[in-house]
> 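The structure follows.
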Amino acid sequence: MADEQLLSIANEIQLVRGVEKEILDLSDKLKKFRNVLDDADKKQFEEKSVKDWLQRLEETSHEMEDVLEEWSYAILQHNVECHECPPQHKVCFFIPSSCLCFVEAVVRRDIAKKIRNLRSGVDEILNEKDVHSFVISQPKYDPNWRVQSTSLIESGEVRGRDHDRDILVSKLATDYNGSHEKGLGYRILSIVGGGGLGKTTLAQLVYNDSRVIEYFDFRIWICVSTPFDVAAIAKGIIKSINGQSSPETPQLDDLLKDLICSISRKKVLLVLDDVWNEQEEKWKPLENALKCGGASTRILVTTRKVKVIGIMGTKDEDMHHPELLSEEDCWLLLRRSALVGTSQDEFEYFEKIGKDIAKKCNGLPLAAKTLGSLLRFKNTIQEWENVLKSEMWGLEEAGKALFPHFLLSYNELSPMLKRCFSYCAFFRKKQAIEAGQVIRCWMALGYLGSDNMEVKGRECLEDLAMRSLFQDLKRDDHTKEIKLCKMHDIVHDFAQFLRKSDRVEAPGMRRRTCQVCDPFLVSRVKEYRSLFWDKETPPNLCDCLVNLRVLALTWTMNRQEMEKLIHLRELSIGNTKLSKEDLATICKLYFLQTLNLGFCYIKEIPWEIGNLVKLRFLDLTWNEELKELPESICSLVELQTLLLIYSSLKEIPREIGNLVQLRHLNLSANRKLTNFPESMCSLVELRTLNIHGCCVLRGLPEGIHRLKNLKHLLVAQTEVSRRFPRALAELSGLCTLNMFHGGSGCNKLGLLKKLNRLTGSLILRINIKNSHWKELVEDAREAELGFKTHLQNLYLYFSTLDENEWSSPLSVDVLEALEPNHNLKHLEITEYKGWRLPYWISSPLNLVRQIDIHFCRQLLSLPPMGQLPFLEKLHMLFLNELKVVGREWLGLMGVRRGDIQSSSSSSSSSSSSSLVVAFPKLKELTFSEFPKWEEWEDITAEEEECTAVEIMPSLTRLHITDCGALKKLPHRLLRKACSLQDVFVI
């Protein structure tokens, strides 16, 4: 009997070893066929058999991955439970012979049979490849379906584009002060947006506008599409101007010279419709010729790719994103096609439901026209209701008309981008997609490979946004990375269409039938391998759902069911109480990359957390009773992000330096945390350290200078901001430092000298002692704020223990020495007690948009802020000693009477050029708590008669409160008050 058992075990081991070789062979075959998958992906929209083949291949690939993971998991589980060796840093699908004996025979037998069954199915699928004649191809634009656009348009059929048209016409048909200097009029405007937005239609409206026709000598329309053929474009321009084609010439150089001659001394409008070219070397020769040709060459480009307009040199102010149409305009477009020739009675019969259908268009003109054409042949309310209830991708005729516009962008994507884009259909319509979350989902599903996944994910997100496949982008103030984005509803429909399948089970695959689970739920899990469950009752996770890679729950679930989810890469559980036993179960999911346990009332993290060796993201936010972390957490050598916001930690594990990949550590609002271990200085990959609100934290380790990659250090509301180690000055790559205490008894301001990459906001709190004035002035100069060219917002707060200590004349010198760079956008000065403000604050070189002056109680006058060219908001509070707002505040002191008389007698063009404007961009003005303010100096009568002076032309909001001594307002301001949107004077 013993011999028979040994023989059976030997056969099973041989079975596994044999299948291992077969799997390796199959993996090689799959790699060889990857190059044809892009071609197959394109053909699936034309040939259903190709789509079925792709779906079967994908399903089988998932089956293979699942089975191989089950085998690796069995080995890992045995190692962990027997404590013979820790989980390996990297899990390998190759099965070492020495490990076979560690796994139970029944597990080996089941897995080996699954692998053997898969092989026949895979062979059959791969043998079908040649039937479809796939070719190795690179992603490229396919314009075969695209009809060339023309300049012709019936303007009466266009709705909701008057405002867009007028903006573009005003920029195109405008002289530059009568100057004819060569090249001065060359200008490129771009219309940018996704498919179906009406970019070409808008360009046609502009092209045919009477103001444009009158302004330009020649108007030229060229549909570019792809490839970007410089010679063809040049010939088209020459033919439009000369009436005949340029003689055939083998040299592009000769052709471009002819182009220059053709447009020289002429006002030319060139419309380049549907540009896709991203290669600067193709654009540059044409650009140089157009620039050389004439002073008044204007170019209007339509494209769906932001990168294109960057290459062509469009300035930000000349980039135009057409507005989405209103629901009313969509209805007007839709009804023109849908209800043509109907009677008034019929019109009223369909109007209400028709307006509801128009809402499905979500502002896209193409969708309105397409649905209108579809409804034209539907004559009953029931048929219209069916259209209203259907998703756009479920309407076959609508899909055929709409989706080719999106396929143009989709077919240009790499296979990685295609998978990432289509996955986004998993999110709900109108949902704000959090960038970090979607990137982690892509990682969990294996879309981003295995190296530099976060970097690839960011690049994918930016690429999709630049192609207008995402909208409503919100970026981080500091890093400028995308934080949130959305998909247009019809783009979402397109992504759903890409994922739509009528799956056929591949031969040899296990059939998945379930009498318990919701069929829709099963389908979603199959398509996306993801599940977001926000219902109060937990889902039933039977065997048909165990291949999940991403799972988000708002409630806990049965631990036995959780144990089945061995393939999980991302698990999020929130707003529920997790027991220690729940956490122990989670710690058996060895393939987890992302674990989010925020708001889970966790008091203790089990030692087994160290088993999750593939974990890259761990969020333990808002577990307020969590007082310590086990040292085993320091074995998570792949961990990159650790969030411990609002916990009760008193200390950090001593060996935290072992987390060699850690990049983001957020400990904000840990009010009991007292210090850091010295090993923290070994976190050489650390990018972000957030200790905001750690109010008893004593300081940072002296070795902080070793954190050469540290970019963002947030220390507000901590003692750290008062006691930085000198090593801080060596972190020249630091981009964010939100608070810094300097001056007497605090840090030296000179520590900031080398931190010239600071961006975003900086709060400087400056402490003063009378005996240290000269030293403080020199220290302020050492900070060299003027070299911090990326700083956007600067808040200067001054404080002193003794009110009399600010009587020194050197108080002004301190603020003079803190002069920031001209690029600053927002400046706030609080509790400054000098008698005047520094001269730099009113320099016309400043780009500042907002200035706040608060509690500066000793100020006696205001500088000439009226000459700040971009100032939009000026708020001043509690200026206790100020009595007069003088005329110099307007910045008009340099305007002499002779200048005014001269300008009034000159031509209209020169009068416009010598017009003096005080506060040209100011929109909001606030004076509050000026108890001694008696006079607001007005401009003189001579200036009143002159048209050369204009004051606050953009003002919309004026607030004057608690200024009881003020006798009257300037008459210019009084006249303007009636036209302001918001006036409050009390």
Side-chain angles (χ1 to χ4, degrees), residues 34-35 37-38 41-42 54 58 61 137-141 192-195 276 278-279 303-311 406-429 431-476 479-488 491-499 527-530 532 549-550 552 569-570 593-594 616-617 638 640-641 661 663-664 687:
R34 273 181 190 162
N35 289 333
L37 290 180
D38 187 49
D41 187 52
K42 292 178 182 178
L54 269 176
E58 181 184 2
S61 299
S137 62
Q138 296 297 322
K140 63 180 182 179
Y141 168 85
V192 192
W276 291 76
E278 294 184 1
Q279 296 174 291
T303 181
R304 61 181 70 188
K305 300 169 78 172
V306 175
K307 188 174 180 180
V308 168
I309 62 176
I311 286 170
F406 299 112
L407 279 171
L408 288 174
S409 295
Y410 178 77
N411 281 340
E412 266 218 336
L413 303 178
S414 67
M416 178 193 295
L417 277 172
K418 286 177 178 177
R419 290 192 294 272
C420 291
F421 167 71
S422 64
Y423 176 78
C424 292
F426 176 74
F427 297 99
R428 296 187 303 274
K429 280 189 176 183
Q431 179 179 347
I433 301 172
E434 197 268 314
Q437 181 188 46
V438 73
I439 290 171
R440 290 192 292 273
C441 288
W442 291 340
M443 288 168 51
L445 294 160
Y447 294 166
L448 303 176
S450 57
D451 299 319
N452 299 318
M453 289 188 283
E454 288 84 356
V455 174
K456 288 179 184 175
R458 285 284 168 194
E459 290 173 350
C460 285
L461 201 63
E462 290 287 351
D463 205 336
L464 293 171
M466 288 179 69
R467 296 168 189 268
S468 304
L469 293 171
F470 284 128
Q471 62 183 33
D472 297 343
L473 306 180
K474 295 191 186 306
R475 294 185 179 272
D476 186 272
T479 65
K480 303 305 177 186
E481 293 177 339
I482 296 173
K483 288 174 58 180
L484 296 170
C485 59
K486 290 183 181 179
M487 296 179 80
H488 188 281
V491 176
H492 188 278
D493 284 330
F494 174 61
Q496 281 187 300
F497 163 75
L498 295 172
R499 287 277 179 163
E527 293 293 338
Y528 302 101
R529 313 195 98 192
S530 306
F532 289 3
R549 291 318 193 254
V550 177
R569 294 328 197 262
E570 177 172 348
Q593 297 173 354
T594 296
R616 305 169 73 92
F617 182 97
E638 291 199 16
Q640 295 190 0
T641 300
Q661 296 295 326
R663 298 183 180 185
H664 308 287
R687 267 72 164 169

> Nearest 0.5 angstrom please: Glu527 CD to Leu498 CG, how far?
11.0 Å
> Please check: side-chain N/O of Ser468 versus main-chain N/O of Arg304, any donor-acceptor pairing under 3.5 Å?
yes
> If I take atom NZ from residue Lys483 and atom CZ from residue Arg475, how far apart are they, to the nearest 0.5 angstrom?
12.0 Å
> Would you say Arg467 and Phe421 make side-chain contact, with heavy atoms under 4.5 Å?
no
> Compare all side-chain heavy atoms of Ile439 with those of Arg458 and state whether any distance is below 4.5 angstrom.
yes
> What residue among Gln437, Lys486, Met487 forms side chain to side chain contact (heavy atoms under 4.5 Å, CB included) with Phe427?
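Per the side chain to side chain contact (heavy atoms under 4.5 Å, CB included) rule, the option paired with Phe427 is Gln437, out of Gln437, Lys486, Met487.
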> Does a side-chain heavy-atom distance below 4.5 Å link Glu434 with Arg440?
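Yes, side chains in contact.
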> Mind checking what makes side chain to side chain contact (heavy atoms under 4.5 Å, CB included) contact with Glu454, not counting sequence neighbours?
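With neighbours one apart ignored, the set is Met443, Arg616, Gln640.
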> What heavy-atom pair brings Ala425 and Tyr528 nearest, and what distance separates the two atoms?
CB-OH, 3.5 Å
> Is any side-chain heavy atom of Cys424 closer than 4.5 Å to a side-chain heavy atom of Val491?
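Counting from C-beta outward, Cys424 and Val491 never come under 4.5 Å.
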> Would you give the length of the straight line joining atom SG of Cys485 to atom CD of Gln471, rounded to the nearest 0.5 angstrom?
9.5 Å
> Can you name the residues that form a salt bridge (Lys or Arg N to Asp or Glu O under 4.0 Å) with Lys307, not counting sequence neighbours?
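Scan of Lys307 (salt bridge (Lys or Arg N to Asp or Glu O under 4.0 Å), adjacent residues dropped) gives Glu278.
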> What is the ring orientation for Phe494 with Tyr410, classed by angle as parallel under 30°, tilted 30 to 60°, or perpendicular over 60°?
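Phe494 and Tyr410: perpendicular rings.
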> Tell me, do Thr594 and Cys441 make a side-chain contact under 4.5 Å, heavy atoms counted?
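They are not in side-chain contact.
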> When rounded to the nearest 0.5 angstrom, what distance separates SG in Cys460 from NZ in Lys418?
13.5 Å
> Between atom SG of Cys420 and atom CG of Asp463, what is the distance when rounded to the nearest 0.5 Å?
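Result: 10.0 Å between the selected atoms.
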> Do other residues, nucleotides or ligands put more than 12 heavy atoms under 6.0 Å from the CZ atom of Arg428?
no
> Does a side-chain N-to-carboxylate-O contact under 4.0 Å join Lys456 and Asp451?
no
> From His492 NE2 over to Ile433 CD1, what is the distance, rounded to the nearest 0.5 angstrom?
7.0 Å
> For the residue pair Tyr423 and Phe426, does the interplanar ring angle fall in the parallel (under 30°), tilted (30 to 60°) or perpendicular (over 60°) class?
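Ring orientation, 0 to 90° scale: parallel.
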> Evaluate Leu461 against Phe470 for side-chain contact (heavy atoms from CB on, under 4.5 Å), listing each step before the verdict.
CA-CA 9 Å; Leu461 201 63; Phe470 284 128; 3.8 Å; yes
> Evaluate the side-chain proximity of Leu413 to Leu464: yes if any heavy-atom separation is below 4.5 Å, no if none is.
yes
> Is there side-chain contact between Ser409 and Trp276, with heavy atoms separated by less than 4.5 Å?
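Yes, close enough: below the 4.5 Å cut-off.
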> Would you call Arg529 and Glu570 a salt bridge, using N to O less than 4.0 angstrom?
no
